[in-house]
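All remarks here apply to the structure that follows.
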Amino acid sequence: MVNSSYTVPQNTHESVQLVLSDTSSGTQSIAGEYILERDSSLDIVIVVLPGASVQLPLRIILKGEGANVNVSGIYLCPGSEKVKLSLDVVHQVPHCSSSQLFKGIVSAESIVDFYGKIVVEQDAQKTEAYQENHNLLLSDQAKVNTKPQLEIYADDVKCSHGATVGRLDEDAQFYMRSRGITLQQAKALQMLSFVSPVLSRLVKDKESIVLSVEKAIQTISSSLQ
Amino acid sequence: MSQDIILKINGLRAGIEGKEILKGVDLTIRKGEIHAIMGPNGAGKSTLSSVLSGKPQYTVTSGSIEFMGKDLLAMSPEERSWAGIFMSFQYPVEIPGVSITNFMKTAINSRREAMGLEPMKAAEFLKLMKEKMSFVQMKPEFSKREVNVGFSGGEKKRNEIFQMAMLDPTLAILDETDSGLDVDALRIVASGVNALHTPDKAAIVITHYQRLLEYIVPDVVHVLKDGKIVKTAGRELVAQIEENGYDNY
C-alpha cells in the first residue's frame, strides 16, 4: 500500500508516470492525492501491463484558478488480472480544465472496474472537464464495469463523459487480410492503434514503454482464437 | 493452354446466412484478359467478389475455384493476397489509428515473411511508396493519414488503386470501383488500372454501369443474373446492355 498527497505549486508543471507490471505477489494498491494550485498543470500517465493486479484510487483537486490536469492510462489484462481504477476529479474554483482518457484491453478471465467521477463545485464556473473510458473486451469470461459520473453544481461549464465496451472490428480485419496482413497481425495493429492516443502522451522512457506494450499486444494477439 | 489460365471457376454455388446467391457460376480467365461482369442489383456480383477474396461470412456449398492451378477455396484471405489476388473494395473500410504507411509496410512485410524474405529496407519501402502514390496522384501527406478515415469517395478509390500498385497482383478484382466517383477520379483510377495491366496478368471489373468500361476496355463481358452467368460475349455487349438493359437476359 502506497499512500501520498502531493501539491503542484503555483505556475509550475508536473508530469507523473506510473508503469505497473508483474504483481504476482498480490494486488498492489496505490492511493494518491494531487492538489493543483493557481495556474499549475499536471499530466499523469498510467500504464498497467499484463500480470499487474492493481487498485488505484486517485483524487485530484483543482484548487487554484487556471489549473489544468490531464490523466490518461491504458490497462492490458490478458489473463486473470484484477484492475480497479477510481478517479475523483474535483473542480473547486473557476477557469480550470481536466481531461481523462483511459483505454483498456481486457481478455481471458480478467476483471476491470473503472470509476471516474468529475465534481464541479458551485464556485467552479467556466470549468472544462472531460472523461473517456474505452474498452476492448476480447473474451466471454472477462468483465468490464465502467461507471462514469458527473456531479455538477455550477451552471456555466463544459463537461462530457463517454464510456464504451466493444470488440475488434471484423470488417477491418478482413480488409487488412485481403492486403496480406495475417489475422494475428491485423488484431495486433487494431489493438495498438486503440491504445496509441495514450502512448503518445508518454514523456519519460517512451521508447522502452512502447516496446513493452507492443510486445504485450503481440502476445495477446497470438493468444486469441 | 492450361498454363495460360489464371482463374477457373467451376459450378460455384455460394451464399450467406443460409441463402444461396450464386447458383452455379462457371468462368475461365486467361493471362492478359480483362473480364467485365455486369448485372442488375442483387444478381450476385458482390457475392462473387467476396467469395473470390475469401470473406469469412460467405459459404461455398459446391463447386471449385482454381487460381494459378491452386485450390483457392482452401486458402485464407491473406494467403490469397500473397498468391497474387487483389480486390478493390466497393466500400473500403476505415481503420482508425493506422497510418497508410504502417498499413502498407505491414502488408508488404507479411507477404515477404510468408515467402521467407527479410523485411523490406526502410529506404526501399519509402521509395516504392512515393513512386506508387504519385502514380495515382496522391500527395505525400497522404501516407500519414489514417487508412480511409475521413477520405472522400474519390480518395478511397484512389487509395485502393495505390494499394493495388504496391502489391502488384496477378489478378485484380475491381468491385464497383466506379460507384461514388466523379469523372476526374474515374480517369485517375482507370488509367492506374490500365497501366498496371500486363500480358501476364488479368482483371475482373464488376460493375452495374457501363461508365467505367469506357475507360477500362474489357476483352470479355459476362452478364450475371439471378446467380448465374446468362450471357458471355465480346466488348460489344456493353453497348447492347446500355441500350436495352438487363431485362432481355
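In what follows, chains carry the letters A, B, and so on, assigned in the order in which the sequence lines appear, proteins first and then strands, with residues in each chain numbered from 1.
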From A:Ser178 atom OG to B:Leu52 atom CG, the distance as rounded to the nearest 0.5 Å: 12.5 Å
Most chain A-contacting option - heavy-atom pairs closer than 4.5 Å, from B:Met166, B:Arg80, B:Gln163: B:Gln163
Leading residue by heavy atom contact count with chain A [cutoff under 4.5 Å; candidates B:Glu113, B:Glu160, B:Met164]: B:Glu160
Residues A:Tyr175 and B:Asn148: side-chain donor-acceptor under 3.5 angstrom: yes
B:Lys201 atom NZ: more than 12 heavy-atom contacts under 6.0 Å: yes
Closest non-hydrogen atom pair, B:Val93 against A:Asp171: CG2-O, 3.9 Å
Greater than 12 external heavy atoms within 6.0 Å of A:Lys206's NZ: yes
Point-to-point distance, once rounded to the nearest 0.5 Å, from CG of A:Leu189 to OG1 of B:Thr106: 5.0 Å
Main-chain N/O of B:Gly97 paired to A:Ser193 side chain as donor or acceptor, under 3.5 Å: no
A:Tyr130 OH: over 12 foreign heavy atoms closer than 6.0 Å: yes
Residue pair B:Ser81 / A:Arg177: nearest heavy atoms and the distance that separates them: CB-O, 4.0 Å
B:Gln57 versus chain A, the contacting section by heavy-atom distance below 4.5 Å: side chain
Under 4.5 Å from a heavy atom of chain A, the part of B:Glu79 involved: neither
Heavy-atom contact with chain A under 4.5 Å, split by part of B:Pro92: both
Beyond-backbone contact of B:Lys55 with A:Glu170, side-chain heavy atoms, under 4.5 angstrom: no
Closest contact, heavy atoms only, B:Ala107 versus A:Arg179: CB-O, 3.2 Å
Flag, side chain of B:Glu78 to backbone of A:Leu183, donor-acceptor distance under 3.5 Å: yes
Heavy-atom neighbours of A:Glu214 CD exceed 12 at 6.0 Å: yes
Value rounded to 0.5 Å, distance of CD1 in B:Ile95 from CD1 in A:Ile181: 7.0 Å
Centroid separation B:Phe89 to A:Phe174 less than 6.0 Å: yes
